[in-house]
Amino acid sequence: MTSTSPEIPAAGSVDLPISVETPRRSLLVQLITGMLSFLIIAVPSTLSGLFFLDPILRKRKAVSDDTADGEVPRKDEAGFIRLDVTKEAVPQDGTPLSVTVNDDLVDAWNMFRDVPVGSIWLRKVGDGPILAFNSICPHLGCSVDYIREENEFYCPCHASAFALDGKKMNDIPPRDLDVLEVSMRTHGQQDANGHEIWVKFQNFQRATSDKIVI
Amino acid sequence: MIALINWLETRTGVKALMHEAFNERVPGGARWRYVWGSTLVFTFVLQMITGFMLWSAYSPSTRTAWESVYHIQHEMFLGNIIRGLHHYAAQGMVVLMAIHLIQVIIDGAYKAPREVNFWLGIVLMMIVLGLSLTGYLLPWDQKGYYATQVTTNIMSATPVVGREVQVLAQGGSDYGHLTLTRFFAMHAGILPTLLVGFLVLHIYVFRRHGLTVHDPKRAPDTTFWPDQVLKDSVACLAVLAVVLLLAMFRAPELSAPADPAVKFDAARPEWYFLFLFRFLKFHAVESLGVTFGAIIVPGIIMGIIAAMPITAKVLGNLGHTLNRAFTWALALGVVVLTLMAFYEDANNVEHQAALTEAHRDGQRAIELSTGPDKIPVEGAVTLLREDPFTHGPRLFAQHCSSCHRFNGHDGRGSLVTEAGKTDEAPSVIAAPTAADLGGFGNRQWMTAIVMDYSNHFAWMKNSTWFRDAQAKHAAGGTVDYINPDSSEMADWTSGNLDALKSADNADNVKALVEFLAAETGHAGTTYDAALVEKGRDLAIKGSWAGALNGTSCASCHDTIGQDFPTQPDDSTASSYPTLAKYASLAWLKDFIRHPDAARHYGAKNQMVVYSSQKLSDENLDLLVRWMTNDYTASTVHDYQDQLEVLKASLASNASGVAAPKGNK
Ligand code: FES
């Protein structure tokens with residue numbers, strides 16, 4: 001058949017300049033070729049880059065809560081969550097109490113109903129108001145323990161220490177423990193004498209001296 | 001700039017490399033026919049880019065694979081485009097590969113000294129097919145699940161080691177988490193790495209021998225850059241444009257989440273494997289077994305292709321001619337078989353119905369997942385399993401459609417057929433022998449009961465029990481049976497038709513219907529409260545105008561307007577069917593369980609009694625909730641109404657079939 005190929009020297013040996021009869025293409029052709037080659041890679045790369053930025057670019061949709069009719073929702077519009085414990089559970093003598101906070105958690109495509117989303121320290125002095133601290137260390141995010149002997153909060157990771165009112169006691173943490181807003185209620189209605197403890201649970205940026213909600 | 005390049009050059013030799021890469025000699029000038037290899041490399045790069053992106057959001061497990069692909073496609077920014085590009089470029093790669101292979105053979109580029117590179121190319125082809133096969137399963141949807149089942153079962157037909165191969169591929173004796181993790185590792189790790197390795201070899205050896213040129217005198221020699229690169233990039237741009245347009249305007253389908261308990265009648269392999277699928281369906285091939293059709297024959301074909309360089313060497317030009325003829329014949333065979341498969345599927349009513357249903361299920365799964373409750377941790381498959389809209393129709397088709405129809409079809413959109421009169425005769429459309437339950441309990445239904453009773457239940461007259469009873473009656477026997485043409489109810493509607501249709505009662509009929517429809521409690525309709533109250537009065541007190549005055553529903557159906565009891569029994573049953581919350585969820589559940597109870601049809605009953613042995617509580621719930629609209633509202637395109645089609649085909653085929661007249 002006619003299609004037998006002539007033997008062509010291996011590419012490695014073609015070092016001589018292109019033969020004189022080969023026309024050097026104009027700069028324009030080189031430019032167009034360069035642009036096209038760039039384009040075919042740039043388009044998918046750009047689209048992919050934008051896709052990768054999804055966590056920043058996408059707006060989250062609203063999700064439902066599953067409160068039965070007639071029941072007071074566990075979380076209100078302002079973000080306050082009702083704790084499982086009531087006022088009575090918090091020790092009178094000022095000893096802090098560790099409490100788990102439950103909420104509906106949206107994780108990508110899943111919705112987990114009423115699962116632990118964090119833990120807080122509750123503290124009450126005498127008949128004074130209840131204080132709530134996020135138990136996450138403002139240094140780098142470990143969790144803060146209560147040390148009974150020292151009567152202080154202490155973080156085992158890098159030795160941050162806090163007084164029971166949340167004030168930092170050494171220079172390791174950048175700020176005091178993060179205080180959370182507390183509201184005492186009865187059947188979800190604001191009531192200074194209420195027994196329900198509602199806490200506005202939030203997490204804050206670590207490693208900054210300012211308290212920035214994340 | 002120049003200094004930088006020189007600095008790099010002395011340390012890496014990059015300039016020489018570039019020089020070599022770009023100044024590759026193209027004897028006879030740049031040509032379009034040389035672009036195929038480059039487009040393949042390009043699509044592979046495209047797959048790498050989009051594949052890494054999908055990888056960043058994909059989660060391989062049976063409870064998260066479908067869910068994460070759903071999330072990519074329907075929630076994430078540009079996710080539909082990225083998945084679309086990957087989906088279509090994969091198919092493009094197979095097409096381009098076929099073109100490349102055919103061209104290599106036609107041009108004789110497989111012959112000495114390029115045999116090794118030809119074999120490398122065949123290895124690459126196998127890897128690409130492996131990639132498309134493993135990728136098809138990853139979304140873990142019904143389509144991929146059942147198609148891949150077929151493939152792994154074919155593997156098990158391999159002589160001697162079949163079962164072991166299958167278990168290895170699946171990561172166990174059945175499909176599960178490990179099937180996905182293994183397929184994913186193959187798809188995103190092992191196969192691409194192999195592909196890169198063989199591709200480097202392929203290109204290296206290609207460069208060693210250069211292009212296969214027919215007539216180097218055609219035009220002056222040129223260099224790879226820019227002449228051939230220009231043509232290559234234009235071709236790649238065309239490929240990119242095609243896949244991008246497809247991704248934008250024809251999003252790849254995500255069918256319902258894989259469920260081993262739900263049959264998938266629409267199962268087909270990816271379209272480029274359809275030829276093999278069709279080949280296996282030939283009776284002669286089938287009779288020789290799967291091993292023959294799916295392993296031995298393809299193996300022989302691959303063997304012949306791989307042996308082409310040797311054939312050409314041994315037989316010279318004759319060998320090349322034979323090789324070319326074989327290639328063309330094979331290509332023709334593949335095209336013909338593919339077209340046959342498409343054509344047959346397009347004309348296969350059952351397959352089309354299955355496709356419609358697959359589509360409906362898939363859309364429904366997406367619709368439910370998009371809801372504010374998101375997807376439960378047990379996976380989206382439970383959304384469908386607990387969905388009346390999805391399973392009600394299937395249960396209806398299974399249990400009810402031998403007598404009833406739903407808008408003329410079996411609940412799942414298909415007409416019901418029965419065997420022809422003789423063994424050889426083709427099957428015919430079966431006539432319903434009980435009411436058509438499409439629109440059960442809605443206003444039209446209630447209107448028909450009040451105004452058009454005999455006609456509404458005319459389907460019953462096709463049943464054997466009805467004909468037998470009539471025959472017995474004609475012979476002078478006494479039979480107590482449900483007769484739509486002659487019963488107290490039928491007599492009431494036909495006897496009072498003039499009065500019912502009179503202008504004075506127009507509003508009354510409307511009110512009664514509103515009341516009856518409202519009593520069903522079906523979701524999705526709002527009722528006029530004042531009209532409902534007026535209707536209640538009519539039903540219970542019979543405050544009609546004219547001759548009808550004083551005839552109330554309650555004088556026979558004494559429980560009308562009451563709640564349906566939670567523990568229904570026959571202690572207070574009259575000889576008339578109870579209409580307490582007629583057609584409601586509670587009424588219907590009780591009716592299906594006990595149609596023969598005195599509170600329903602009693603001794604006259606002809607309906608099958610569905611005990612919990614026959615129809616479990618869960619399934620009864622799904623069926624009844626579907627029939628009473630008790631499910632998350634849907635915008636998914638539902639099965640087509642077939643009532644007119646059914647009537648028309650019955651009228652043209654059979655004689656003496658009873659059917660309700662007019663539109664419902
Ligand atoms: S994280 Fe608590 S001390 Fe560093």
Side-chain angles (χ1 to χ4, degrees), chain A residues 1-12 14-27 29-41 43-45 47-66 106-113, chain B residues 19-20 23-25 27 42 45-46 49-50 52-53 56-57 64 67-68 70-71 75-79 81-82 85 106-109 111 113 207-214 216 220-223 225-227 229-230 233-234 236-237 240 244 317 320-321 369 371-377 380:
Chain A
M1 298 250 86
T2 53
S3 57
T4 349
S5 56
E7 228 25 70
I8 288 157
V14 190
D15 240 6
L16 37 130
I18 289 307
S19 46
V20 232
E21 68 268 21
T22 306
R24 263 282 173 206
R25 300 312 288 258
S26 67
L27 202 61
V29 176
Q30 298 215 30
L31 208 66
I32 294 174
T33 310
M35 271 164 42
L36 284 182
S37 318
F38 174 75
L39 194 68
I40 56 173
I41 293 305
V43 169
S45 303
L47 291 171
S48 296
L50 290 170
F51 172 81
F52 201 73
L53 290 178
D54 166 85
I56 294 171
L57 294 176
R58 176 160 51 98
K59 289 187 198 64
R60 307 275 174 236
K61 283 193 243 168
V63 291
S64 73
D65 78 274
D66 65 342
V106 171
D107 187 354
W109 52 85
N110 281 141
M111 158 98 84
F112 301 88
R113 292 286 182 198
Chain B
H19 183 79
E20 200 175 300
N23 285 1
E24 155 96 8
R25 180 187 286 270
F42 169 68
V45 171
L46 187 58
I49 297 174
T50 52
F52 280 131
M53 288 305 113
S56 76
T64 58
E67 291 72 7
S68 58
Y70 154 78
H71 189 72
E75 305 277 342
M76 288 182 75
F77 193 69
L78 289 180
I81 300 289
I82 299 295
L85 283 175
I106 300 310
D107 283 357
K111 291 194 287 193
R207 282 297 170 104
R208 209 183 135 73
H209 301 298
L211 284 158
T212 307
V213 183
H214 281 248
D221 288 6
T222 183
T223 46
W225 173 271
D227 290 2
V229 178
L230 179 62
S233 11
V234 169
C236 295
L237 191 65
L240 178 64
L244 193 58
N317 277 348
H320 182 52
T321 310
S369 303
D373 287 339
K374 305 213 134 208
I375 301 172
V377 190

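Heavy atoms only, all atoms of each residue included: B/V229 and A/S37 are closest at CG1-OG, 3.9 Å. A/R113 and B/D373 get closest at one heavy-atom pair: NH2-OD1, 2.7 Å. What you find for A/W109 and B/A57 is that their closest heavy atoms are CZ3-O, 4.4 Å. B/S233 approaches A/I40 most closely through the heavy-atom pair O-CG2, 4.0 Å.
B/K374 places no side-chain N or O within 3.5 Å of a backbone atom of A/F112 that could act as its donor or acceptor partner.
The choice from A/L36, A/L50, A/L39, A/N110 that makes the most heavy-atom pairs within less than 4.5 Å of chain B is A/N110. Of the residues considered (B/A380, B/S68, B/P376), B/S68 shows the highest number of contacts with chain A, using heavy-atom pairs under 4.5 Å. Chain A forms the most heavy-atom pairs under 4.5 Å with one residue out of B/I375, B/L240, B/L46, B/L78, and that residue is B/I375.
Residue contact with chain A, scored on non-hydrogen atoms closer than 4.5 Å, is absent for B/F52. No part of B/S369 comes within reach of chain A, as not one of its non-hydrogen atoms sits under 4.5 angstrom from that chain. For B/L237, the parts lying under 4.5 angstrom from a heavy atom of chain A are both the backbone and the side chain.
A/F38 is linked by a side chain to side chain contact (heavy atoms under 4.5 Å, CB included) to A/A42, counting only residues two or more places apart in sequence or in another chain. Residues passing the side chain to side chain contact (heavy atoms under 4.5 Å, CB included) test with B/I82, sequence neighbours excluded: A/L47, A/S48, A/F51, B/T50, B/M53, B/L54.
Atoms CH2 and OG1, on B/W225 and A/T33 in that order, are 5.0 Å from each other to the nearest 0.5 Å.
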